[in-house]
Amino acid sequence: MNALPARPVLVDTSAGRAIAAAPPSAPAIAETKILPLKTPRGRRSTQLMSIGSEIASATIPPLLVLAVLLLVWQLATSGPDAALPSPTKIWTESNDLIVSPFFVNGSQDIGLGWRVITSLERVFYGFGLAAAVGVVIGAVIGQSVWAMRGLDPIFQVLRTVPPLAWLPISLAAFRDSGPSAVFVIFITAVWPVIINTAVGIRNIPQDYRNVADVLRLNPLEYFWRIMIPAAAPYIFTGLRIGIGLSWLAIVAAEMLTGGVGIGFFIWDAWNSSRLSDIVVALIYIGVVGFVLDRLVALAGRIATHGTSA
Amino acid sequence: MIAPANKPFLQLQSISKTFRRGGAETEVLHDISLDIANGEFISIIGHSGCGKSTLLNLIAGLTTVTTGAVLLEQHEVNEPGPERAVVFQNHSLLPWLTVYDNVRIAVDKVFAKTKSRAERHAWTLHNLDLVQMGHAKDKRPSEISGGMKQRVGIARALAMEPKVLLMDEPFGALDALTRAHLQDSVMQIHGRLGNTAIMITHDVDEAVLLSDRIVMMTNGPSARIGEVLDVKLPRPRNRLELVSDPHYIHAREAVLKFLYERHRYVEAA
């Protein structure tokens, strides 16, 4: 559901290393102990040190692991007849893609940054639609026991259909690649939003309903003032899964549309056997997906005042 | 606000409540009748499971009676409404709203047409001050203590200017010191505003201290009103002075005897 559980583990393993990595600021502690009068300054430098060690403990372990992985990869693919490109080979072959994301050398020869932006636009439409439709449908379903009983099994089946499988249906229905691509993203992302919203609304405590009843809130007021905020943590969980899925669907969707998206780039690179470019594009997709996930999580945290993960 | 002199303000007319679950029927309340005067403070006391909360929910309109009727100023109660504001046992504040907004949402709803924006703002602050919570108006429920939450719950209920203030074990979840403090506050506010109040409790001292009358319920199922005790202690009441007051001791003894001699709590099988 989210990437958070991985973090404490990283922090734990790094605890000892982080301390070892921070000797430059260690004297600050000694200074505070000896000269209590300088506490404010001492406290600030201790604070700086703790921030520094926090950053170090968050960044050093993944960097180390990354270095080890790159090394293993390099060793495994350094043979003359290796099927996959090694990191150094990728660096030389796809140098332009790695170092400058935003170059334009012609209509199809552009930096991956531009491609990501094109793809993000598509995800924006597809996911935006999924979010809006998903919350409304989820709210309706969550309100009614019968709608829940009737629709939930259908949704549970539909949500497991992979994005690629929606392609032919989508094309047949829309007869145009642009809307079909958006539809594929939409249909992939909408289920977790619906299901989580519905569960969130079913779980609204009776207390809040009683408060709404005593105040005689009308249905619209109830929707905005009670339902949406009470279900917000669930809704944002759904949105977070949804944004992840819609980014997953981008490659499938763009195999259809062609053009300049990052998904199509991979398809295109495969057709012209540019393996190094594919690896770079994969890393772009991964990083962008990670950022999207964190952005939705952040939006959720802001919107729910810290009650959502 | 003022009922005709000969008619009771709030009337419970032979109320019964039966819950159906599957094929099984359970009668929770049986033939409850009670007349309550305007401005009276009534406590309902009984062992757990005797249907006290159900009775309160019926008066609040959150559940409907099976037979009988609840009449407020001669009008039948069949739905919830702000003229019968409820202070819930677990405060039921909306966690995404600040203390101020939790009260303001009620004020906005009840006085949408009768008060201007500025008046609603002032009225919200006034009610928060009434329960001494004005200082925490920008905090969220998660940032304040249990006692403070319950104060805000009371402020929210009072801000609706209810004809009847319904309290469902309002101090049940609080520690003894906080509870005593809040009881004093409620007594003070009741003395000042003169609301009609109905409080569910299982605390004998609390019932005697606060009430004009104590309604004692028999054990469920099919709970009835076993006895109604008049507490003729002068107001304002002071908990320290009352400790040795003969009438207080007598009233306390009467309730205890009812609860622990004649209607002892039987553990449900």
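Letters A, B, ... mirror the listed sequences (proteins, then strands); counts begin at 1. Computed from a predicted structure; not experimentally measured.
- You'll find the side chain of Met167(B) stays beyond 4.5 Å of the side chain of Gln150(B), heavy atoms only.
- Because its NZ or CZ atom is both nearer than 6.0 Å to the ring centre of Phe19(B) and within 45° of the ring axis, Lys17(B) counts as a cation-pi partner of that residue.
- Contacts of Ala60(B) with chain A are absent, with no heavy-atom separation under 4.5 Å from either backbone or side chain.
- Counting heavy-atom pairs closer than 4.5 Å to chain A, the top residue among Gln89(B), Glu79(B), Arg140(B), Met160(B) is Arg140(B).
- Of the N and O atoms on the side chains of Thr63(B) and Asn57(B), not one donor lies less than 3.5 Å from an acceptor on the other residue.
- Between the side chains of Glu40(B) and Thr196(B), no donor N or O sits under 3.5 Å from an acceptor N or O.
- Side chains of Thr98(B) and Asp101(B): a donor-acceptor N/O pair is present below 3.5 angstrom, by distance only.
- With hydrogens and angles left out, the side-chain atoms of Thr237(A) and Asn196(A) include no donor and acceptor closer than 3.5 Å.
- Proximity to chain A (any heavy atom under 4.5 Å) is restricted, for Glu83(B), to the side chain, taken from C-beta onward.
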* Test side-chain hydrogen bond (donor to acceptor under 3.5 Å, both in side chains) applied to Thr201(B) and Glu206(B), step by step -> CA-CA 8 Å; Thr201(B) 183; Glu206(B) 181 174 287; 2.8 Å; yes
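- Using a 4.5 Å cut-off between non-hydrogen atoms, the part of residues 202-228 of chain A that approaches chain B consists of Asp207(A), Tyr208(A), Asn210(A), Val211(A), Asp213(A), Val214(A), Leu215(A), Arg216(A), Leu217(A), Asn218(A), Glu221(A), Arg225(A), Ile226(A).
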